[in-house]
There are 2 protein chains.
Amino acid sequence: MDLRLEDYISIFLHETDLMLTSFIKEKLAPYNLAPEQNLIMMILWEQDGYTQNEIAARLKKDKTNIARMAASLADKGFLERVPDDLDRRSLRLYLTEEGSELGEKVTPIAEEFHHAVVQGISEEELQMVRTVLKKMQQNVSK
Amino acid sequence: MDLRLEDYISIFLHETDLMLTSFIKEKLAPYNLAPEQNLIMMILWEQDGYTQNEIAARLKKDKTNIARMAASLADKGFLERVPDDLDRRSLRLYLTEEGSELGEKVTPIAEEFHHAVVQGISEEELQMVRTVLKKMQQNVSK
DNA sequence: TACATTTAGTTGTTATAGCAACTATTGGAA
DNA sequence: TTCCAATAGTTGCTATAACAACTAAATGTA
């Protein structure tokens, strides 16, 4: 077969992902928010009080990642980690005043980012890409 | 606008990338090769003796990453880092016997991986995805 | 009730990614 | 030839990602 690096769609996908991440990282930097930390905040801005475990399920990430990102966000003063009364193993994430206010500034940036990314790409093209990516996901799942 | 997480194509792209990476990571694990380390090896299997800098340019990665991955691959005995005679700042990467032989086992795995990923996806669809991803890359570049 | 199992979260480790600041070397210009 | 600028690589740091092994708490069953 003899595929070259340029033939691997996975490599191209990975490069694209890194470029998008780097782009939004720069936009968020002034707000002291890293890209994946921002995803946690986006969930909480809609509705806070979720447990770390619930956030992990929603973001399809390992609970270790969420725990460390939540700890970092708490350090920054954007949220508080409150043990649940009924299940004292669980930590529920609640926005602080500062974290809550941050949403008003950062939400528009996230949406601008999305629009910048899809600029010049039609709804049909985007849907097609979603379909193909979904197929790839299925291809590598049991 | 009020986009939900599911609306962000960047998030879907990122999740897909992670799933593909995790899949190939598992396939390569028995050979003591991590996915990105494998990319360096793939270049060297085609032609070795490139400098770390040349590898970094080819893989569009920071030279720090390449330096650390090359150090790791050297630790594993897959390559040697040889200072260039004419420019003693440069380190050229040469395959060891072991690293060279590894290529015969791992190259087919990489190609099988690619075929697994694109299974059930037509050439036209794949080309269209490439075109759209390229457009996204341009959208986030200066 | 007592004990085994499951669950939520933490700690430690490895890999990737990229920035900043540094050393060593090379190359270019006065 | 001397000195400044550019280049190759390293070290240190922060963030993401996920696995393994652990603690603490809750649940289920004998």
Side-chain angles (χ1 to χ4, degrees), chain A residues 10-11 13-26 28-29 31-41 50-76 81-93, chain B residues 10-11 13-29 31-41 50-76 81-93 140:
Chain A
S10 51
I11 295 177
L13 200 71
H14 186 60
E15 287 171 358
T16 308
D17 179 40
L18 289 178
M19 288 174 73
L20 299 190
T21 299
S22 156
F23 185 73
I24 185 62
K25 181 179 174 186
E26 200 176 317
L28 293 174
Y31 303 94
N32 196 20
L33 263 190
E36 299 296 326
Q37 292 170 9
N38 183 48
L39 299 188
I40 295 180
M41 295 301 287
Y50 290 115
T51 65
Q52 292 189 174
N53 229 34
E54 287 166 344
I55 300 277
R58 177 83 184 276
L59 294 179
K60 298 173 191 147
K61 286 183 194 303
D62 192 276
K63 57 188 173 165
T64 9
N65 301 328
I66 303 302
R68 285 177 177 132
M69 287 191 270
S72 172
L73 289 166
D75 277 349
K76 293 177 187 178
R81 309 165 85 193
V82 183
D84 186 287
D85 277 334
L86 297 177
D87 186 343
R88 299 207 323 279
R89 294 171 305 176
S90 292
L91 289 180
R92 296 195 173 274
L93 307 185
Chain B
S10 51
I11 294 178
L13 199 71
H14 186 60
E15 287 171 357
T16 308
D17 179 39
L18 290 179
M19 288 175 73
L20 299 190
T21 300
S22 157
F23 184 74
I24 185 62
K25 182 180 174 186
E26 201 176 317
K27 303 272 183 205
L28 293 175
Y31 303 94
N32 196 19
L33 262 189
E36 298 297 326
Q37 291 170 11
N38 183 47
L39 298 188
I40 295 179
M41 294 302 286
Y50 290 114
T51 65
Q52 295 190 173
N53 228 33
E54 287 166 344
I55 301 276
R58 177 84 183 275
L59 294 180
K60 298 174 191 145
K61 285 184 195 304
D62 192 277
K63 57 187 174 167
T64 350
N65 301 328
I66 303 301
R68 286 178 177 132
M69 288 191 269
S72 171
L73 289 166
D75 278 349
K76 294 178 187 177
R81 309 163 86 195
V82 183
D84 187 288
D85 277 334
L86 297 177
D87 184 345
R88 296 205 327 278
R89 295 170 303 176
S90 292
L91 289 179
R92 295 196 174 273
L93 306 185
V140 299

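Proteins get letters first, then strands, A, B, ... in listed order; numbering begins at 1 in each. These values consider heavy atoms only, across backbone and side chains, with no hydrogens, waters or symmetry-generated copies.
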Problem set entry | Separation of atom OH in A:Y31 from atom P in D:dA15, rounded to whole Å | 18 Å

For this session: Using whole Å, report how far CG of B:N65 lies from P of D:dG9.
Result: 14 Å

Exercise. Nearest to the side chain of B:H14 - D:dA17, C:dG9, C:dT16?
Worked result: D:dA17

Exercise. Base, sugar-phosphate, or nothing: which does A:K61 touch, judged by heavy atoms less than 4.0 Å apart?
Worked result: sugar-phosphate

For this session: Could you check how far CD1 of A:I24 sits from C1' of C:dA17, rounded to whole Å?
Result: 17 Å

Exercise. Separation of A:K60 atom NZ from D:dA18 atom C1', in whole Å?
Worked result: 17 Å

Seminar exercise, completed: Assign each of A:K63 and A:S22 the nucleotide of DNA chain C bearing its closest heavy atom; nearer the 5' end lies the nucleotide of A:K63

Problem set entry | Closest-nucleotide ordering on DNA chain D, the 5'-leading residue of B:A67 and A:A34 | B:A67

For this session: May I ask you to verify if any side-chain N or O of A:Q52 is less than 4.0 angstrom from the OP1 or OP2 atom of C:dT10?
Result: yes

Exercise. Would a 4.5 Å heavy-atom cut-off, applied to side chains only, mark A:S72 and A:R68 as touching?
Worked result: no

For this session: Would you classify A:I66 as touching base, sugar-phosphate or nothing, given that sugar-phosphate means primed atoms plus P, OP1 and OP2, and contacts are heavy atoms under 4.0 Å?
Result: nothing

Exercise. B:D87 has a side chain; which of C:dT26, C:dA17, C:dG9 sits nearest to it?
Worked result: C:dT26

For this session: Could you say whether A:N38 or A:D85 is positioned toward the 5' end of DNA chain D, judged by the nucleotide with the nearest heavy atom to each?
Result: A:N38

For this session: Measure from the side-chain N and O atoms of B:R81 to the backbone N and O of B:A67, and report whether any donor-acceptor pair falls under 3.5 Å.
Result: yes

For this session: Side-chain contact test, heavy atoms from C-beta onward, threshold under 4.5 Å: evaluate it for A:L18 versus A:H14 and give yes or no.
Result: yes

For this session: Name the nucleic acid region contacted by B:R81, choosing base, sugar-phosphate or nothing; use a 4.0 angstrom heavy-atom cut-off, strictly under.
Result: sugar-phosphate

Exercise. Hey, does the side-chain of B:R89 have a donor or acceptor N/O within less than 3.5 Å of a partner on the base of D:dT7?
Worked result: yes

Exercise. Taking CG from A:L73 and C1' from D:dT16, how many angstroms apart are they, rounded to a whole number?
Worked result: 13 Å

For this session: Specify the separation, in whole Å, of atom CG of B:L18 and atom P of C:dA15.
Result: 17 Å

Exercise. Contact class for B:S72 vs. all strands (heavy atom < 4.0 Å): base, sugar-phosphate, or nothing?
Worked result: nothing

For this session: Can you tell me the distance, in whole Å, between the CG atom of A:L91 and the C1' atom of D:dA25?
Result: 12 Å

Problem set entry | Given D:dT16, C:dA17, C:dG9, the nucleotide with the shortest approach to the side chain of A:M69 | D:dT16

Exercise. Taking everything shown except B:K27 itself, do over 12 heavy atoms lie less than 6.0 Å from its NZ?
Worked result: no

Exercise. For D:dT7, does either OP1 or OP2 sit under 4.0 Å from a side-chain N or O belonging to B:R88?
Worked result: no

For this session: Please work out if B:L86 contacts a base, only the sugar-phosphate, or nothing of the nucleic acid, heavy-atom cut-off 4.0 Å.
Result: sugar-phosphate

Exercise. Given side chains that start at C-beta, do those of B:I66 and B:N53 come closer than 4.5 Å, heavy atoms only?
Worked result: no

For this session: Indicate, yes or no, whether a donor-acceptor pair under 3.5 Å links the base of D:dG12 to the side chain of B:R68.
Result: yes

Exercise. Taking atom NZ of A:K60 and atom CD of B:E15, what is their separation to the nearest 0.5 Å?
Worked result: 4.0 Å

Problem set entry | Rounded interatomic separation in angstrom, taking CG from B:N53 and P from C:dT26 | 15 Å

